[in-house]
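In what follows, chains carry the letters A, B, and so on, assigned in the order in which the sequence lines appear, proteins first and then strands, with residues in each chain numbered from 1.
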There are 2 protein chains.
Amino acid sequence: MAAIRDDLTYAFGAGRLTPQRQTIAESARSLGRAFTIDDLAEEARYRDPSIGVATVYRAVSAMEATGWLERVGERAGSVLYAQCGAGDRHHHHLVCTSCGRVEPAECPLHDVAAHAATSGFVITNHEVTLYGLCPACLATGS
Amino acid sequence: MAAIRDDLTYAFGAGRLTPQRQTIAESARSLGRAFTIDDLAEEARYRDPSIGVATVYRAVSAMEATGWLERVGERAGSVLYAQCGAGDRHHHHLVCTSCGRVEPAECPLHDVAAHAATSGFVITNHEVTLYGLCPACLATGS
DNA sequence: GTGTATGCAAACTGTTTGCATGGAC
DNA sequence: GTCCATGCAAACAGTTTGCATACAC
């Protein structure tokens with residue numbers, strides 16, 4: 001369930017939940033939008049300046065491995081991550097190009113088999129990312 | 001048309017077609033699959049060892065700007081490019097995970113509006129990449 | 001002739017790694 | 001007590017930039 005997987009204890013799976021990792025995970029969740037590792041490090045170091053960059057990188061790798069954090073795109077050569085709370089179920093992402101808000105999206109590929117048939121490819125995997133404006137940004141016209 | 005846009009003269013648009021750029025563009029086309037800038041530089045420098053890496057980077061930027069070359073994914077931290085010949089028309093890519101062959105694919109998102117409606121997002125852009133095995137790799141069982 | 005493209009090397013950015021120390025379990 | 005996680009700094013990989021020269025147009 002999304003509610004359960006939102007819990008920080010799930011962020012690192014079997015890994016240790018150190019104060020630094022807790023700070024990093026809370027920072028990721030509080031950002032509430034897509035972020036680069038740099039964004040995350042900045043937020044985490046604001047809360048605890050003693051946290052090193054290497055720790056942030058290692059923590060992100062760990063959180064990505066458990067699926068608590070997901071890659072949702074890239075910006076200026078850096079990977080964008082987000083904690084969307086959709087858990088293990090197959091899904092994609094809606095990313096607001098204005099504020100960076102990320103929402104899980106249902107998989108829109110209902111006829112992948114048809115494509116395989118026409119091309120001769122057997123499709124084993126796919127990536128879909130939808131970009132747009134979220135309701136809040138639409139309302140403010142930004 | 002794909003046939004016209006396949007021509008090297010279109011690769012750099014209004015830019016100059018120098019011998020180096022011609023070599024680089026021909027290398028890109030002859031690879032016939034997704035490649036990193038490193039792969040391309042290796043192929044181009046095999047043909048003309050005097051070509052510098054910076055020139056390859058600059059040429060790729062130019063070819064990407066005209067749409068002659070497209071980003072089709074990433075591998076080990078580097079962007080994957082391909083010359084798929086689909087021209088200006090809206091399309092996505094089928095990438096063979098075994099040999100790297102790239103084929104243009106029709107856009108499989110026929111009901112994007114429905115997603116916008118349920119989420120409140122207005123979708124302005126999207127990225128889709130399909131991964132799988134091409135007929136040749138299926139036949140050889142690789 | 002003008003201005004873009006080139007090659008080289010240095011500079012940069014983002015990321016990873018080695019190692020001694022600290023602390024979660 | 002064991003072993004994973006940390007912080008620091010050095011190392012690294014990929015990419016970009018400055019500059020003088022060459023050449024496409």
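Using the six-membered ring where Trp is involved, B/His126 and B/His90 have ring planes that are perpendicular, over 60° apart on the 30 and 60° scheme.
Checking the phosphate oxygens (OP1, OP2) of C/dG7, a side-chain nitrogen or oxygen of B/Ser50 falls inside 4.0 Å. For A/Thr18 and C/dG23, the shortest distance from a side-chain N or O to OP1 or OP2 is not below 4.0 Å. At D/dG7, one or more side-chain N or O atoms of A/Gln20 fall inside 4.0 Å of OP1 or OP2 (strictly under the cut-off). For D/dG14, neither phosphate oxygen OP1 nor OP2 lies less than 4.0 angstrom from any side-chain nitrogen or oxygen of B/Thr36. Look at B/Tyr57 and you won't find any side-chain N or O under 4.0 angstrom from OP1 or OP2 of D/dT16. At the phosphate of D/dT6, OP1 or OP2 sits under 4.0 Å from a side-chain N or O atom of A/Arg21.
Distance, A/Asp48 CG to D/dT6 P: 11 Å, rounded to whole Å. Rounded to an integer number of Å, the gap from CD1 of A/Ile37 to P of C/dT13 is 17 Å. In this structure, the CZ atom of B/Phe12 is 14 Å from the P atom of D/dA24, given to the nearest Å. Here the P atom of nucleotide C/dA24 and the CD atom of A/Gln22 are 11 Å apart, to the nearest Å. Across the protein-nucleic acid pair, B/Arg58 atom CZ and C/dA9 atom P stand 14 Å apart, rounded to whole Å. For the pair B/Tyr81 OH and D/dG14 P, the interatomic distance rounds to 14 Å; values are reported in whole Å. When rounded to the nearest whole Å, the span between CG of A/Asp39 and P of C/dT15 equals 11 Å. For A/Glu74 and C/dT13, the CD to P distance is 18 Å, given to the nearest whole Å.
Nearest-nucleotide assignment on DNA chain C puts the 5′-proximal partner with B/Val56, out of A/Asp38 and B/Val56.
Rounded to the nearest 0.5 angstrom, B/Tyr81 OH and B/Asp39 CG are separated by 12.0 Å. Taking CD of A/Glu106 as the start and CZ of A/Arg89 as the end, the distance is 5.5 Å to the nearest 0.5 Å. For the atom pair SG of A/Cys96 and CZ of A/Arg33, the computed distance is 11.5 Å after rounding to the nearest 0.5 Å.
Salt bridge annotation for A/Glu43-A/Arg29: absent, with no cationic side-chain nitrogen under 4.0 angstrom from a carboxylate oxygen.
The side chain of A/Leu17 sits closest to C/dC25 out of C/dC25, C/dT15, C/dT17.
In this structure, B/Pro19 reaches the sugar-phosphate backbone alone: every heavy-atom distance under 4.0 Å involves primed, P, OP1 or OP2 atoms, never a base.
With hydrogens and angles left out, the side chain of B/Arg16 and the base of D/dC25 share no donor-acceptor pair within 3.5 Å.
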